[in-house]
Amino acid sequence: MTKEFEPRIVGILCNWCSYAGADLAGISRIKYPPNVRIVRVMCSGRVDPSFVLKAFAEGADGVLVSGCHPVDCHYIEGNYKMWARKVMLETMLQQLGIEPERFRLTWVSANEGELFKQYVTEMVDAVKKLGPFQKPVNWMTELLEHERSLGTAVQEIAAGGGVGE
Amino acid sequence: MSEEIKIGVYVCHCGSNIADKVDCAAVAEFASKLPNVTVARDFQYMCADPGQELIRKDIKEQGINRVVVASCSPRMHEPTFRKVCESVGLNGYFFEMANIREHVSWCTEDREAATEKAKALVAAAVARVPLQEPLYERYADMNDRVLVIGGGIAGIEAALKVSGGNKEVVIVEKEPSIGGTMAKLDKTFPTLDCSACILTPKMVECAQRDNVKLYTYSEVEKVDGYVGNFTVTIRKKARSVDLDKCTGCGLCITKCPTKDIPHEWEENLTTRTAIFTPFPQAVPNKPVIDRENCRYFTTGKCGICAKVCPTDAVDFEQEDELVTEDFGAIIVATGFELFDPSVGPQWGFGKFDNVITSLQFERMVNASGPTKGKVLLKNGEEPKSIAILHCIGSRDENYHEYCSRFCCTAALKLAHLAKEKTNGDVYSFYIDMRTFGKGYEEFYNRIMSEGIHFIRGKGTEVVERKGQLLVRTEDTLLGKYREVPVDMVVLMAACQPGQDTEKLAQTLAIQRSADGFFLEAHPKLEPLKTATDGIFLCGACQGPKDIPDSVAQGAGAASEALSLISAGKVKISPIVARCDEDKCGGCMICINLCPYTAISYDEEKKVAVVNEAKCKGCGTCSGSCPTGAMTNTNFTDEQIMTQIEGVLAV
Amino acid sequence: MSDKKLKLGLYWAAGCGGCDVAVLDIDEKILDVAEVADIHFWPIAMDFKYKDVAAMDDGFLDVCFLNGAIRNSENKEVAELLRAKSKVLVALGTCACYGGVIGLANFCTREEILETAFKKTVSTDNPEGIIPQPVSEVDGCELHIPEVYEAVYKLDDFVNVDYYLPGCPPRAELIAKAIDAIVAGQLPEPGSVLLPAKTVCDECKREKKDRHVDEFKRPWELIPDEEKCLLDQGLVCMGPATRAGCGAACTNVNMPCRGCYGPAEGVIDQGAKAMSAVAVTAVSTNLAEMEKVISQVKDPAGTFYMYGLPNSLLRGRQMKEAK
Amino acid sequence: MSAPAEYLREEELDHNLIYEVASFPGGHKIFSCQQCGSCSGSCDMAQDMDYTPRKMIEMIRAGMRKEVLGANAQWLCTTCYYCTVRCPRGIEPTEVLYAVKSIGIRDRGVDPNNDSPKFYETFCDTVHKFGRQHEPTLMAIYAFKGNPLRLMGFAPLGIGMLAKGKLGLAPSRVKNVDEVRKLIDRYRNKV
Amino acid sequence: MRYGYMPGCSSHASSVDYEASTKAVAKALGIDLVEIEDWNCCGTAPISSVNPEMAVALSARNLALAEEQGFDAVVTACAACFNMLYKAWDNFANNPGMRKQLEEAMSDIGRTLKGKAEVRHLLDIIVNDYGLEKIEQLVTKKLTGLKVVPYYGCLLGRPKSNFEDAEEPNSMDGLLAMLGTEVLDSDFKARCCGSSTIFTKRSYMLRLLHDILEDAQRLGGDMIVVACPLCQMNLDAYQTNVNSAYGTSFNIPVVYFTQLLGLALGLSPQQLAMDKAFVSSQKVLNRVSNL
C-alpha cells in the first residue's frame, strides 16, 4: 500500500480577514492539515475565476477561496462580487466535470482561526474522499503523447517559418 | 527586461519557531536549485540586524536584484524587508515574502509535511518575484480647508474646532439658518438647561469668526476629486434677499400680506409670512422669501417687502448661484429627521387634533414658541391629562428596527415639563426605559419622584370614544389590558435618516447602513471615518444621537480632519489598479464595481481611467476585467497565476 | 518579397467550411490575389492530392491558410504536413485558432459522440449498431479511415502557428487585409493575432450605463432596446470579453455577442473572464437574491466557452481515467 | 381565599413548548418577543382573557404548559389579526394562539368545561364527512356531543334561518371527498 | 384573466343572498365567474384551531383544483375563504418548509400545486380589475339619499392582503360613493365582529357587535354594507340578541355591497335576494327615490 493520498489545495485568501485568520490560527498554534497552500490577494474581490481554473489546470486537487464576512469587507463589498462569481463558477465547474467539493468560497474573519482550521479540515477530508483530481484526464494523454513524439526535426521546421527571411 | 534576474532567498529559523518544524537548511538547499536563484541561505533571525545585513550585503556584492524572505507573515515584516531593500537602492517591490511560520511551522504537526509545504511556498515566491515591477509610493498635495455639511450642533461644533486650529472652514446648511434640531428644543436633558442659551452663543460665534464661512439656504451639488483635493460645487439657493444689504430689521416681515403659511420650523403649530426668518435667534438673522407662497412670485403683484425695505435688500431677480470651493477634508453632519407617525393610523396622528409629536410638544413648551410656553389643546384649553407614547416607529420592524436612543430620556424631560406646566396627570407608556447616559438614570429617578404614571406597555392604539381620547395598552407588569382616557397624546417619534441622505451618499460616494444612516468605516475603531478617505461623519446622520454625543462627535470629526490636513501631503499606496488603454474595450464593467468611484470613463478615448489617489488597490476591478486591461499592481494576473503554478510545483 | 508570385495553400480541417466561403467572399479581390499569388493547394476549390503536397520541398509554400480544428488523425497529419511545407502558417477562423463551436464536443467523450452520431439520432438507420473503426475489413480488403480523437484540439496544440485570424467566420475584408499585409510584407511579430487589440464593446455603439442586472434573460424573452447595451438589459453578451474585428455585427442587429472572435489580447481564458464580468453585473448585498439572479444564466460553461473550449485552461469536461 | 404562595419550579416547566409552538406555520418568530404588549393593546378581547396574548407568549416561553393549554385566551381570540399586523417584532400572535389551540385539542389539555374544542372537532368531522361545511349537521352533532340545552339556545336562530331559506337542508358534497378526508386524516393523526 | 369562483360553504346556506347577488351582479357586469369544480371547505378558523396545517392543506387543494382547471385566479366573495386561500398561497410561495409539506400532501391525494393561480377577493375584482369608470357607465339608478356605513371587518386586509389596507380599508368607500350613497366613516369599520367564535363564546362577542352597531347608529347610517357572509350573518341575525343583552333597539339593515351595486345596476331587490335578511331593508330602500 502506498502512502495515503495527500491532496494539494490552493487557498486564495484576502489580506485583511482570511489571511489574517490563517495567521491567527498559526499564532494560536492551532494545528490543521498541511494541504492548503496559500496565495494572498488584497481582497476576495480580486479573485478572477481564471485563478481557480488555473489551479485545477496545474493539478490542484481543490481550491479554497476565502474572504471577509459579508458586510465586513475591508473594501466594502469586494466579497459580494466574489460571491457573484462563485455562484456562476460553481455551475460552470460542475459542467466541466469538477466535483463541487473541490471548490469552496468561505468567509473567515481575522479572529476566526478556529473557523479557518475547520474549513481547511472539512475541505481536505472531502477532497481526500474524492481522490486526486485527474490530470491529465484521458483525452489529454493524446496531446501529451503527441508532444513527446514530436521529433526535434519537426520542431525545427515548425520554428523555422517566417516570410522573406 | 534585459537585466539578468538574480534572486536571493533567505530562510529564517525564527529561533526555534520555524526551525523546530521546518528543515530550514533543506528548504534553502531546495531553493538554491530553483531557476534564477543566485544565493539561498538560512539564518537564525532574518528580521534582526545581522539578518538584514545579510540581504544588504548580497544585494551589494552579488548583484542580487530580487529578494525572497521565507519567515513570518507579510502582515508582520513585509515593510521591514522592503525598507532593507530600499536602503541599498533596490525597489521595495522587488521583494516577496513566503509565510512559513504562521502558515507552516505553527500550524503543522508533521515536520516532513511542514518542510514540504515550506518548499512549495518558497517555490511560489521565487516563481513570482521575477515578474514583480518596481513601484513607488507617491504623495499628493493637501488642501487645508475643511467643508462641514450641515449646521446643526454637531456641524457647528466641528466647524468651531477646525477654525480653532487656525484652518479655514465652510459650513453648508440647507435651511435659511444654522442651528438644526437643537434650536427647536426647549430644555435639554438631563440638566434641564435651556437649549437656546447654550446653543445660540455657538451659532453667533460661527457667524463672527473670520475663518468660518457660512453658506445657509445652500446645498452641496457635486463633489469631485479625492482626499486632500476635493472640489465641491455648492448651490446657493436664491434667497431673494441680499445678505450684504439686509440689516435684519424685520420691517418686511411685519408688512408681508401673506400670513397663513404653515410654519415648518414651528412644526406647523402656527403660521408665518412669505418673507420670514425661521426663528428670532436665526444666524444669519436675515429673512428669506418662500417663493412658492410669495404673492410676487405666484401672481406677479405685491412686492410690498421691496417697497418697505429701507436698504433695498429685497431682490426678486436673484437666481440660484453655483459656487465652487476646494477642500482637503469633508465633515458630514446632516443630522436626522423625525418619523412621520401618520404612517401608522393606529396612533391617530393627523386624525385627532390633540395627538402631537414630541417636537411639536417641544415647541409648545418653549417660551418663544407658538403658545408662548403654554401646553394647550386645539380648543385653547389646558389638558388635564397627557399621555406620552414611547417607541413610535422605533424598535418596530414595521418602521425602524433600531432604537432611537434619545427618546426615552427626552420623554422623561417632556413628562417633567408637562407635569410642571399643567400639573395634570401625565402617563408615560414605555417598552423599556433606556436611560444610558451620564446622569440620565438619576434624571429618571428624579422624574419618577414627580408622580408621573409610568405604564410598562407600548401605547398600541389611540382611539376616540364619545369625544374622549383613549390610549389602549397592556400594563404588562400587571398583565392587564388598560384603556387610559387622556386629553392629549404626545408621540415620541423615531429618529430617522433625512430624506436627502441617499442623494448625498451618492454625491459623496459614501455608504449607508441598512437602516439608512451613513455608514462609518468601523463601528468601534473608526466611528467618525467613512470608507472614503477624507470624508468624516458626526452627529445623528450616522445614527440616533443626543446632544452630548453629537457634540463629542463634532469635536472628534474636527480632530480627524485637522489631523489629516495638518500632514500637508496625502500618501498614495503604490498598490493600485492601472488600466492599459490599448487593451481596454471600454465595456465599463469596472466602473460600477469600484466602491470608491476611483474609475471613470474617458468619453473621448472610450477607456476606463483610474484615479490612483482614490483607488485603494483591492483589485476587484481587475478580478472582473474581461480584457485583462485592468491590472492590480503587485497582484497582476500573471503574478498570481505564476504563484499558483509555484505552490503546485512541489 | 521578391517579385515572384506568392505560393499559396488553403486547407479545411475540422470545421463547417464557412471560412473557405469567407475567402471566396473577398469577391473581386480574389483576382488581385490571383495576380500576386498562385494557389498550390486548395482541396475545396481544385483537385489536389495529399501526395502533391508531400512532394513539395519543405517551406515551398509561402503562406498557408488553415481553417478548422483538429478532430482526427487526418486533420493532424495534414496540419503537420502543411506546417513543414509552409513558410507562414495562418490559423484561419476560430476553429483553427481556438477550437470553435465544434470545440463544444469537449463536453463529451469520444464514445458518447460516436454513440450519438451512429446509433442514437432519430434519423439513424444502423440496425447492427456499427461504429466505423480506423481499420476494418470490407470484402476481404483492409479499409483505413482516420481515427477520431478523444477531443477537439486547436491547431497550435500540434503545430507552431505564425498568425491567428479568428472569427466565425473571419470577415472577408479582414482576410483581404491579411493577404494585403502578406503581399506587402508588413506582418507583425509571429504569434500575433491579425486583429485590433480592443474588444467588441469598443466597436459597439450601444449606450452602456447602469451596469446592473436584476434579471438575466434569453434573447427570445424580450425585444431589446436598440440604443442600450444588451448586457444592461439582462442579456448575456460576450462583447466585453471578445476581440474586436467583427464591427459588432451581432449587437448591431440586436443580438448579443457570442464571443466568436475569441479572447482579448493576452487573455488566457476567455470564458472565465467573460463569466467574471457578467456575474458581477448582478451584484447586490443580498446573497440569496444574487444567487437567484445569477442562476438565471442556465448554461454558463456552454455560453462562455461557446467558441473556445479547447482554448480554455481546462480544455473541456474533466473525465476520469477509464478504469 | 388567597392562593397558596407558588413559585415556578424548574422541573415542572416544559422548555420544549416554545419549540413546539414555533414549529407551527407563523410560529417561528415567537423567540424575538420583546414583551411590549402591542398585541394585547390591539386586542378587542384582551379585557376578557384570563391571560393577555403577551402573557401567553411569555408563559409559552417559560414552559408553563398546563397553564397555557388550560387558559381561555386562545378560545376568545377572534382571529382578527390586529396583533399580527402591529407586532413590532413580526410575531404572529394569532398563529401562536392557533398553535396553542391545536396542541390543546390534540393533547386533550383543555379545561373540560370549555366547549370550544368540541365545536371545532365537530366542525372538522362535518367537513370530513361532506368535504364542505353543513351548518344543520354541525349544530345537531355539536349539541348532542355536549349539552343538548345548547341546541335550544340556537333554536330561535335556526328557525329564523330556516324560514329565510338560509339553512340548506341537504348537505352539499364534494365529489372526491376521499381527498378531503385524506388531508384531514393526514394532519389529525400527526403527533 | 380566467376567474375560478369559490363560493364557500356558507353560499349554500347562511349566505344564499350574497351568492345570489354576486351571480346577478357578475352577470350584469359581464364578469365571467366559473365555479371551481369540486371545491372543498377552505379550512376556516375552527379547522385552523384543530390544526393550522390541515387548514392550509385544505385550501391548497382548492388552489390545486383551480390550477388544474386552468384558472388564473381563485375568486371568492367570502372574507374568511379569502383569508385562508391567501394564507395557503402565501405559505406555498414564501415558506419553503410549508411548500414542501403542501407538495407532499397534494401528491398524496394525486394533485399537484405549482402556486400559479392568484387568490383574489370579489371586491378587488370589481373595484380594481373591472374598475369604477366602467361600472359608472352601467349604473342606471343612483342611490342618492342613502347613508351607508361600509364595514370591512378583519380578514379583507389582515394579516396580509393583495388589495386592502390592514388598518384603513377603503375599497368599498369609493364604489359606494360612486353609486350615489353618502359614505359614513366608522371607527369600527375594520374591527372584528367576532363571527369565528360566535358559536362558542357568544356572550363575549355580543359586545363587539354592539359597538359596531352603536357607531353606525351614532353616525346616522341607514344601513351597514359588508363584503363578507360571516359579518353579514353576525351583524344581522344577532341584532336581537344584542338588543336584549344591552337594552338597545338597533334595527339596522346589513346588506352586501353586491346588493347595493345590483340595485344601482337596475336589478330588483328580489333578484338580489334582499328579502333574506333578518333586519329588513325595505323601509330604507323605499325612502330612496325610484327604487
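Owing to the predicted nature of the structure, the values given are computational and were not obtained by experimental measurement.
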Approximate separation, where rounding is to 0.5 Å, of B/His390 NE2 and D/Cys36 SG:
13.5 Å
Between CD on residue B/Gln346 and CZ on residue D/Arg86, distance to nearest 0.5 Å
5.0 Å
For D/Arg89, is there any backbone N or O sitting under 3.5 Å from a side-chain donor or acceptor partner on B/Asp396?
no
Where on B/Thr476 is there a heavy atom nearer than 4.5 Å to chain D: the side chain, the backbone, both, or neither?
both
Counting only heavy atoms not in D/Lys129, do more than 12 fall under 6.0 Å of its NZ?
no
Contact part of D/Asp44 toward chain B, heavy-atom cut-off under 4.5 Å: side chain, backbone, both or neither?
both
Tell me which one of D/Ser42, D/Ser40, D/Ser38 satisfies side-chain hydrogen bond (donor to acceptor under 3.5 Å, both in side chains) with B/Glu474.
D/Ser40
Name the member of B/Glu483, B/Arg482, B/Lys480, B/Arg456 that forms the most heavy-atom pairs with chain D at distances under 4.5 Å.
B/Arg456
Using a cut-off of 6.0 Å, state whether more than 12 heavy atoms not belonging to B/Glu382 lie near its atom CD.
yes
Student check: side-chain heavy atoms of D/Lys29 and B/Glu397 closer than 4.5 Å:
yes
B/Phe436, CZ atom: more than 12 neighbouring heavy atoms under 6.0 Å
yes
Within the structure provided, determine whether B/Ile431 and D/Gln34 are in side-chain contact (heavy-atom separation under 4.5 Å).
yes
Of all heavy-atom pairs linking D/Val85 and B/Asn398, the shortest is O-ND2, 3.5 Å
